[in-house]
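For ligands, and for the atoms within them, numbers begin at 1 and follow the listed sequence. Each residue takes its place number in the sequence, starting with 1. Because the structure is predicted, anything quoted here is derived from the model rather than measured.
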Amino acid sequence: MTAEVIDGKAAAARLRERVGALALDFARQAERKPGLAVVLIGEDAASQVYVGAKGKATVAANMNSFEHHLPADTPQDALLTLVEQLNADKAVDGILVQLPLPPQLDAQAVIAAISPDKDVDGFHVSNAGRLAVGQDGFVPCTPLGCMMLLEERHGSDLSGMEAVVIGRSNIVGKPMAQLLLQANATVTIAHSRTRNLAEVVRRADVVVAAVGLAEMVRGDWLKPGATIIDVGINRLPPEPGAGKGRLVGDVAFAEAREVAGAITPVPGGVGPMTIAVLLRNTLVAAYQNSGLAKPDI
Ligand code: NDP
């Protein structure tokens with residue numbers, strides 16, 4: 001079997017286009033554009049790339065992007081003051097503080113300071129709780145993007161299917177498991193203490209790998225025909241003479257492709273969906289914060 005390669009780039013482009021059109025509708029009704037504020041602290045190269053990409057995508061989706069770049073030695077109270085200002089700013093619908101933060105800053109306290117109504121990353125404990133009890137709230141962008149990709153293939157009801165999520169972080173693994181449970185899958189969460197991981201994964205009709213270990217999941221771990229969502233982004237050491245190593249996921253793609261029914265590539269799978277869902281969440285926040293009926297998206 002050669003698995004279908006799930007085109008996350010194309011799915012993300014479709015979502016961004018819908019969000020962009022709905023943002024124009026919003027602007028007509030509210031007489032302002034939806035706004036996303038992104039706060040970057042320090043000079044981390046990867047974070048700068050992500051923030052730049054988010055800003056461009058926000059503007060391309062007919063929204064305002066407010067970028068705040070603070071020095072690496074910013075103290076906690078200065079960051080909290082900025083978050084408070086953004087919470088109060090009517091032009092700002094979504095607030096995103098780019099993680100990781102420099103060591104003097106307490107990420108949990110910063111996330112807790114963001115108004116849950118503007119928490120478009122879905123990291124606030126109030127939104128995490130809402131997801132856990134099945135109430136409407138902001139869902140973290142990466143797992144929601146994974147669900148959208150799964151939905152295109154399997155629909156929204158995964159009744160009878162076994163799903164294995166590898167990784168239990170608050171931003172990917174745990175919310176992913178909640179979403180799969182809501183979709184009626186039978187869910188197992190595996191992590192670094194799981195024994196016989198290959199056997200656990202072999203039960204799964206749906207595998208979501210969110211670990212951060214290059215090509216850890218091998219082809220012979222997979223049930224034939226399974227759908228594989230690879231969240232991992234890992235850079236391999238460069239080949240001699242080459243500048244940068246290749247990007248790979250947590251799944252050995254070439255091997256997995258021979259066994260799986262469908263698989264997301266890295267790059268071009270989950271990654272593009274993450275930004276598209278961030279824009280989607282910002283649009284939803286704009287409607288909610290303005291008291292307008294939010295569109296079904
Ligand atoms: P974390 O480091 O927060 O979590 C990793 C998880 O993997 C932990 O739960 C850990 O278990 C588990 N783990 C570590 N080693 C093993 C192992 N040998 N076997 C089984 N489980 C293991 O990472 P994130 O959740 O933040 O990210 C995971 C990956 O996804 C990274 O590669 C990251 O770059 C990528 N990512 C991609 C995004 C995208 O847009 N495509 C967005 C966010 C993340 P334990 O809890 O026991 O330590």
Side-chain angles (χ1 to χ4, degrees), residues 5-13 15-16 38 44-47 49-54 57 96-101 107-108 111 120-123 128 131 138-150 163-180 187-204 207-218 221-222 228-237 244-253 263-281:
V5 177
I6 299 172
D7 189 344
K9 247 184 168 167
L15 179 57
R16 283 162 64 156
V38 179
D44 181 74
S47 292
V49 172
Y50 292 141
V51 167
K54 284 168 186 169
L96 181 156
V97 178
Q98 184 67 42
L99 303 178
L101 296 178
Q108 285 309 324
I111 292 167
V120 285
D121 254 341
F123 294 166
L131 178 61
F138 290 112
V139 175
C141 303
T142 300
L144 186 53
C146 293
M147 268 331 269
M148 289 175 174
L149 293 178
L150 276 173
V164 172
V165 180
I166 319 175
R168 56 175 166 178
S169 72
N170 290 336
I171 65 171
V172 190
K174 279 185 207 153
M176 187 71 228
Q178 298 284 3
L179 289 170
L180 288 161
V187 183
T188 302
I189 308 176
H191 45 76
S192 67
R193 312 292 177 91
T194 300
R195 296 210 180 116
N196 303 324
L197 183 59
E199 262 170 51
V200 173
V201 171
R202 219 169 274 128
R203 295 205 300 260
V207 179
V208 180
V211 179
L213 288 177
E215 302 178 323
M216 179 189 79
V217 177
R218 310 308 309 189
W221 293 21
L222 303 174
I228 316 299
I229 306 291
D230 191 352
V231 182
I233 303 176
N234 311 286
R235 197 171 284 285
L236 293 178
K244 267 187 182 176
R246 218 159 38 90
L247 280 184
V248 296
D250 290 343
V251 180
F253 183 80
I263 183 166
T264 58
V266 178
V270 173
M273 286 303 286
T274 298
I275 291 190
V277 174
L278 173 67
L279 302 175
R280 178 256 176 218
N281 283 357

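- Formation of a donor-acceptor pair under 3.5 Å by the Thr264 side chain with backbone atoms of Ile6 is not found in this model.
- Shown in contact with Ile166 at under 4.0 Å from a heavy atom are these atoms of ligand 1, numbered in order with element: 20 (C), 21 (N).
- Compare Leu278, Val172, Leu197 by their heavy atoms: the one nearest to atom 27 (O) of ligand 1 is in Val172.
- A donor-acceptor pair is defined here as one N or O able to donate and one able to accept, closer than 3.5 Å; no such pair exists between the side chain of Asp121 and the backbone of Pro140.
- The atoms of ligand 1 that sit less than 4.0 Å from any heavy atom of Val270 are 41 (N).
- Of all atoms in ligand 1, numbered sequentially from 1 with element shown, those under 4.0 Å from a heavy atom of Leu213 are 15 (N), 18 (N).
- The closest approach between a heavy atom of Gly173 and any atom of ligand 1 is not below 4.0 Å.
- Under 4.0 Å from ligand 1, heavy atoms of Ile233 appear from its side chain as well as its backbone.
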(message) Does Ile166 form a side-chain contact (heavy atoms from CB on, under 4.5 Å) with Met216? I'd like the steps, not just the answer.
(response) CA-CA 11 Å; Ile166 319 175; Met216 179 189 79; 4.1 Å; yes

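- Residue contacts with ligand 1, taken as heavy atom pairs separated by less than 4.0 Å, involve Thr274 solely via side-chain atoms from C-beta onward.
- Residue contacts with ligand 1: Gly271 is included, with a non-hydrogen atom under 4.0 Å away.
- Counting atoms of ligand 1 from 1 in the listed order, those under 4.0 Å from a heavy atom of Ser169 are 3 (O), 4 (O), 9 (O), 24 (P), 25 (O).
- Here the closest non-hydrogen pair linking Tyr50 and Gln98 is CD1-NE2, 3.8 Å.
- Counting heavy atoms under 4.0 Å from ligand 1, residue Thr194 does not touch it at all.
- The closest donor-acceptor contact from the side chain of Arg193 to the backbone of Ala190 lies at 3.5 Å or more, if one exists at all.
- With Asp44 contributing its side chain and Pro100 its backbone, the two residues share no donor-acceptor pair below 3.5 Å.
- Regarding atom 11 (O) of ligand 1, its nearest protein heavy-atom neighbour is Ser192 N, 3.2 Å.
- Annotation for ligand 1: atoms under 4.0 Å from non-hydrogen atoms of Gly167 are 6 (C), 7 (O), 9 (O).
- For ligand 1, the atoms sitting less than 4.0 Å from at least one non-hydrogen atom of Ile171 are 26 (O), numbered in the order shown with element in parentheses.
- Atom 14 (C) of ligand 1 has as its closest protein heavy atom Val211 CG1, 3.6 Å.
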